[in-house]
2 protein chains.
Amino acid sequence: MLLDQEVNLDLLPHLLGYNLRCAQLALQRQLARVTPGGDPGSGIFGLLVLCCANPGISQIQVSRHLTIDKASVVALVDRAEGAGWLQRQRATTDRRRHGLFITPSGVDHLESLKQGMRTCEQAFDGLFDPAERDQLIHLLQRIRP
Amino acid sequence: MLLDQEVNLDLLPHLLGYNLRCAQLALQRQLARVTPGGDPGSGIFGLLVLCCANPGISQIQVSRHLTIDKASVVALVDRAEGAGWLQRQRATTDRRRHGLFITPSGVDHLESLKQGMRTCEQAFDGLFDPAERDQLIHLLQRIRP
DNA sequence: TATTGTTATACTCTATAACTATA
DNA sequence: TATAGTTATAGAGTATAACAATA
């Protein structure tokens, strides 16, 4: 019987994609651990961050900056609006646009999500010294659509 | 109206999670571009790599090394078996186990997936010199469950 | 004509819980 | 009791295509 230690991973450990996936799964699970019942996939988190830092931002801009399709943003905004964390408001200058505005309860929720996110990232801080963490972020930032 | 250049990303660019997610989405889309009709999420790829390098590997071992639940492996193996890329075979020594064996057509398919994967990763090679790519991989490898 | 948002639809990925067969 | 695999179910995440309203 093949022991776990003897499993041959072949080229997987040398692939960017495999390592990115493993790392992201680990991070997501850690986040789920420290924020039980919180934001599972961090979609809401990104949305609220953008709406808080950019009041009146449009859905198409959220779509661009979270690099997901505009149709995917609709469901995200629906959920957040349903939870009372933000409001759509038809823009007066360009009536095709919905400006997105975070609500007071959305600000509260965002704060707790940010706290969870900090705790989550801290769990991995021991893995890197500050220079390494910076370099990891900078290297990752080069990989874009 | 808020211009795209003026969107404030707040803390997002400083988060490991956000950068991992953006990088992984970019990689997945590049893979979809170079292997149209290929393996969308690379689940099948990992499975076939493991079965090819470790004939008779069990589903629970695949589960551990791809860091997904054993129940999730079932669907993956179902698809691969349905496509004729591998076969389950009840182990004689431990009859609870299914040994997984890649088929000749699975080997062919894996080769084409590997080629696509190489092409995909090459598209990002220009972003890093070899030392940087190594370091990125090594830093990512520290982030594990 | 092009853009913004929406709806409808579908597929992938993953998880949990409860089950069967085997150890 | 514990492990390997399965089934059933559910939810998140994403995409494409077609559409209405607006620019």
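Chain letters run A, B, ... following the sequence lines, proteins first and then strands; every chain starts at 1. Scope of the values below: all heavy atoms of this structure, side chains included, with no hydrogens, waters or symmetry mates.
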Output one line per pair: protein atom, nucleotide atom from nucleotides 3-6 of chain C, and distance, for all N/O pairs under 3.5 Å.
from  : atom 1 : to    : atom 2 : distance (Å)
C:dT3 : O4'    : A:R96 : NH1    : 3.1
C:dT3 : O2     : A:R96 : NH1    : 3.0
C:dT4 : OP1    : A:R97 : NH2    : 3.1
C:dG5 : OP1    : A:Q59 : N      : 3.3
C:dG5 : OP1    : A:H98 : N      : 2.9
C:dG5 : OP1    : A:H98 : O      : 3.3
C:dG5 : OP2    : A:Q59 : N      : 3.3
C:dG5 : OP2    : A:I60 : N      : 2.6
C:dG5 : O3'    : A:H98 : ND1    : 3.2
C:dG5 : N7     : A:K70 : NZ     : 3.2
C:dG5 : O6     : A:K70 : NZ     : 3.1
C:dT6 : OP1    : A:R88 : NE     : 3.0
C:dT6 : OP1    : A:H98 : ND1    : 3.1
C:dT6 : OP2    : A:Q59 : OE1    : 2.9
C:dT6 : OP2    : A:Q59 : NE2    : 2.7
C:dT6 : OP2    : A:R88 : NH2    : 3.1

>> Under a 3.5 Å cutoff, is there a donor and acceptor pairing between the side chains of A:Q115 and A:R118?
In response: yes
>> Rounded to whole Å, how long is the line connecting atom CD of A:Q24 with atom P of D:dG13?
In response: 11 Å
>> Rounding to an integer number of Å, can you tell me how far B:L25 CG sits from C:dT12 P?
In response: 17 Å
> Is a donor on one side and an acceptor on the other found under 3.5 Å between the side chain of A:E121 and the backbone of B:G17?
Replying inline: yes
>> The criterion is side chain to side chain contact (heavy atoms under 4.5 Å, CB included); which residues satisfy it with A:A53, sequence neighbours excluded?
In response: B:N8, B:D10
> Can you check the A:Q28 CD to D:dG11 C1' distance for me, whole Å?
Replying inline: 13 Å
> Is there a side-chain polar atom (N or O) of B:S72 under 4.0 Å from OP1 or OP2 of C:dC13?
Replying inline: no
>> Rounded to whole Å, how long is the line connecting atom CD of A:Q30 with atom C1' of C:dA15?
In response: 17 Å
>> Is it the case that the side chains of A:R97 and A:Q59 hold a donor-acceptor pair, with the cut-off being a distance below 3.5 Å and no angle test?
In response: no
>> Whole angstroms only, please: what is the CD-C1' distance between B:Q89 and D:dA4?
In response: 16 Å
>> Taking salt bridge (Lys or Arg N to Asp or Glu O under 4.0 Å) as the definition, give me every residue that meets it alongside B:D125, ordered by chain and number, with sequence neighbours left out.
In response: B:R133
>> Rounded to whole Å, please give me the gap between CZ in B:R21 and P in C:dC13.
In response: 17 Å
>> Pick the closest DNA chain D nucleotide for A:T93 and for A:L66 by heavy atoms, then say which residue is nearer the 5' end.
In response: A:L66
>> Tell me which pairs pass salt bridge (Lys or Arg N to Asp or Glu O under 4.0 Å) where either residue lies in residues 54-67 of chain A, with sequence neighbours left out.
In response: A:R64-B:D4
> Distance check: side-chain N/O of B:R79 vs OP1/OP2 of C:dC13, anything under 4.0 Å?
Replying inline: yes
>> Rounded to whole Å, how long is the line connecting atom CZ of A:R95 with atom C1' of D:dA20?
In response: 14 Å
> Is there a donor in the side chain of A:N19 and an acceptor in the side chain of B:R142, or the other way round, less than 3.5 Å apart?
Replying inline: no
> Within a radius of less than 6.0 Å around CD of A:E81, do more than 12 heavy atoms belonging to other residues, nucleotides or ligands occur?
Replying inline: yes
>> Once salt bridge (Lys or Arg N to Asp or Glu O under 4.0 Å) is applied, do any residues pair with A:D134, and if so which ones, sequence neighbours excluded?
In response: none
> Looking at residues 7-17 of chain B, who's got a heavy atom less than 4.0 Å off DNA chain C?
Replying inline: none
